Amino acid sequence: MHLNRRSLLKLSAATMAAGTIGLPTYAQAIDELVIAYNVNLPSWDPTVGPSAVNPTIQGLYQSVFDQYILQQPDLSPAPGLLTEWGWNDDRTQVWMTVRDGVTWHDGSPFTAEDVAWNLARVAKPETGSPIQFVWGTLANHRVEGNRVIADVTQFDPTIFKWMYFLTGYVLPKAYYEKVGAEGFEAAPIGTGPYMVEKFERNAFVRLKANANYWGGKPDFDTVTIKFVPDAAARVAEVESGNSHVTLEMPYEEYDRLKGGPLAGVAAPISDIGMIFLNDIEVMTDPNVRMAAAMAIDKQAIIDRLLSGYGVKIDTLQTPEYAAYDASITVPYDEAKAIEMLAASGYGPDNPVKFKIQTTRGFKPKDYEMIQAIVGLWRRVGIEAEIEVYEIAKHYELRAADQLAPAAFYNWGNSVGDPTTSTGFAMFGPSPHSVWDGEDLIGMIGPLWGEADEAKRIDGWKAVDKYIADNALVIPLLQYVQPILHAPGVVVTPHASGSLLPHLMKRA
Amino acid sequence: MGQCRHGVGMAFLRLLAIRLLTTAITLAGVAVIVFVVIRVVPGNPIAMMLPPGATEADIARLSALYGLDQPLVTQFGIWLGGVMQGDFGTSITSRQPVLDLVLGRLPATLELSIMALVMAVILGGAAALTGTRFRGGRREGAIDVANGMALSVPDFLWGLVLILLFGVLWPVFHISGRVSPALDLPFTTNFYLFESLIRLRFDLWADLVAHMFMPALALAIPLAAIIGQLLKQSLKETMNLDYVTLARTKGYGETRVILREALRNAILPTLTLVGVQFTFLIGGTVIIERLFSYEGLGNMAIDAVINRDLPLIQGIVILFAVIFTAVNLIVDLLYAVLNPRLRHA
């Protein structure tokens, strides 16, 4: 073949066209679902390491692996790999019945041995499970037919809730022991609705539907999940038709696109925005705390900064959580806030001063929200200095109980239990709490081991009421997750915030 | 003559030895700085992975598991000992060997950088030649304005503009990734673009180019402007030299004078600049790779920083440092070889 400049140009144009011709568009019927996902997947082991407790990638894990217990889109539990579960009468043992007829992605049968091995594995400190302190409350795991029994070393009323929460996944015993940790990273298998066909770190994962899935074969045979961390690029992905579904974009972009060629769904998820109050400096003054809480017009912030996408909350529980109590409210009352500050000698001419820390860009409009709050506070006589920090610094400061008197944060609690919201956020000895008041420790303490569920939930509601009445923390809002998708796909949002391809159907 | 050549060879070897020694010292310094700095700045990987309800004992257990409970000097000694044996540790987040991770991603970043460099040279060269050919006229003015715009807008903004133009409005190029997930890749190395040509797989080559075009162009535009400005300036100075005037008097056309006579002498400073700028270009891939979800070192670096994956951050920084110093070393040596004054010094 004789190559000259003209023929080379033709060849380049032809190959370029061939390369780009495969771009999907939202006008076409969807054969292969493409999702532009907002984070990268660092590791395929959902039970150990930092990835295991990263809420943003749980949806990827749940596509491939099953949890012990299924969590439904409204956060409620349902039979999964375990069909029944419970304690014995004196709460010294737990029992679990394992589903029959389930197979791993390699075709081998899933058994009760797998469940017992997984529970024993993450209970060992050397395995490196970040949730070992929970799994370690069970010991002496054993199999009796299709049942798994374990001894309770320390009663935890939430143990079964952890079975559909962080690290509560079931890995294949025989396969894992055969290939080891590195082999499993390279070729992970589970019992979940999708099987991993191809994985390129920092790029994409290509999934094939599990035809033998116990919950029924998913609607889409092939799903490609592209990791697109930049929000502008994600929006461009769906706008151009390169991807069919994406999530977490600015609300303005969501509003712009949802009424056009794309469809959208925006539902509340289990993430909340809140302001930690540290019991130091002026925050030991209840008048200052109460004034700070009552001077914030949460609804106005949601309407003006988040385009209305958010749900105002006054406790650390959202309406989907087990201990939500709609009767606990903290009113927006500027006059009352001024009055309370005056009682402590503060006012617009003599403002109370403290620092508030916030991230910038970690959550939608986080910095702007704090700016607005500081503006509202200024009107009543609170002068807050904003310090912007990285989320990593927040974690370190919080673990060391060195947060500023006020610090904005978002708290995720996809299991919806009060222990994993109010409990860990407000119990002084917890490394996640910066409020060390003995009165609260005294109220929360007995609830950790409360076996009577109704009494336990009522107890947490009382704690929330006490916290609200004394403004020990300032809950702001429940986030709404925007999802844009092509009209050819129906997306079912999950209140945990996980974007699950097996819940997507053809329109 | 022979003695002169021997002397030049010795001088070159001496220069090489000195540069290798300074490179080694530089890398050692980088190793110490990166190790200390990423441990001093706020945020540690254990705090990042603390689940709700973790206790002080859990923090201590996890710290011990990742070796972060040791004194800083001991940690550095362990890490340095491993590095000397080619073991850069294990990534905390992905639990893979750091060396495998960074070497696996390096080819993608190198291919992107080289493609961007080629684009920059072509665009900048064309701008310089056109500007010189039509110097003093409107076209040179237009090129100067375009150069100014290209320089004043940062590469990530060019990336957003390109996404809007060629990703959304006229969707001819892929917005994210390095290659289409549906394609089966027969490659044995991670130099996909290079290997696709070797294997004559033009379908894969086209797909790779369709993915790399926008990020490479975004990186190339500011560099093209620098090249264009410098080369045009050099060309204009050369065009006033006697030998160029002589060529004109021989009746050569202006274009031929530029291409055949002036360019050869004017290009040397630009070549040096291109070498130096290449290192900055690789640094620029961090943001651009993230924007285009390109699976290179830069994209991985951002995740490593977000997750405070200390061993991975160290591995990436050390590799970047090796690349920077190697490129600088090569440029210095090339300059010594090409520059007659240095060659005969």
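Chain letters run A, B, ... following the sequence lines, proteins first and then strands; every chain starts at 1. These numbers come from a predicted model, not from an experiment.
Using a 4.5 Å cut-off between heavy atoms, B/E289 does not touch chain A at all. Looking at A/F227, only its backbone comes within 4.5 Å of chain B, counting heavy atoms on both sides. Using a 4.5 Å cut-off between heavy atoms, A/R234 makes no contact with chain B at all. If you measure heavy-atom distances from B/L164 to chain A, you find no contacts under 4.5 Å at all. B/D100 does not touch chain A: none of its heavy atoms, backbone or side chain, sits under 4.5 Å away. The contact between B/R290 and chain A is made by backbone and side chain atoms together, counting heavy-atom distances below 4.5 Å. Looking at A/E126, only its backbone comes within 4.5 Å of chain B, counting heavy atoms on both sides. Residue B/L160 touches chain A through its side chain alone, counting heavy-atom pairs closer than 4.5 Å. Heavy atoms of A/S129 lying under 4.5 Å from chain B belong exclusively to its backbone.
Residues A/P46 and A/S51 are not in side-chain contact: their nearest non-hydrogen atoms beyond the backbone lie 4.5 Å or more apart. No side-chain heavy atom of A/T419 sits under 4.5 Å from any side-chain heavy atom of A/K161. The side-chain heavy atoms of B/H211 and B/Y294, taken from C-beta on, include no pair separated by under 4.5 Å. With a 4.5 Å cut-off on side-chain heavy atoms, A/T422 and A/F427 do not count as touching. Side-chain atoms of B/L312 and B/I92, non-hydrogen and from C-beta on, never get closer than 4.5 Å to each other.
If you tally non-hydrogen atom pairs under 4.5 Å between each of B/P97, B/S176, B/G159, B/G296 and chain A, the highest count goes to B/S176. Comparing A/E182, A/E197, A/R201, A/Q132 by heavy-atom pairs within less than 4.5 Å of chain B, the highest count is held by A/R201. By number of non-hydrogen pairs under 4.5 angstrom with chain A, the leading residue of B/I302, B/D309, B/I163, B/N299 is B/N299. Per-residue counts of heavy-atom pairs under 4.5 Å with chain B were compared for A/K226, A/E185, A/E32; the largest is that of A/E185.
Electrostatic pairing of A/E396 and B/R308 does not count as a salt bridge here, judged by no charged N lying under 4.0 Å from a carboxylate O. One finds no salt bridge joining B/R178 and A/E200 here, because no Lys/Arg side-chain nitrogen approaches an Asp/Glu carboxylate oxygen to under 4.0 Å.
Note that OH of B/Y192 and CG of B/D207 are 11.5 Å apart. Values are rounded to the nearest 0.5 Å.
Between B/F213 and B/F173, the two ring planes are parallel [angle under 30°; tilted spans 30° to 60°].
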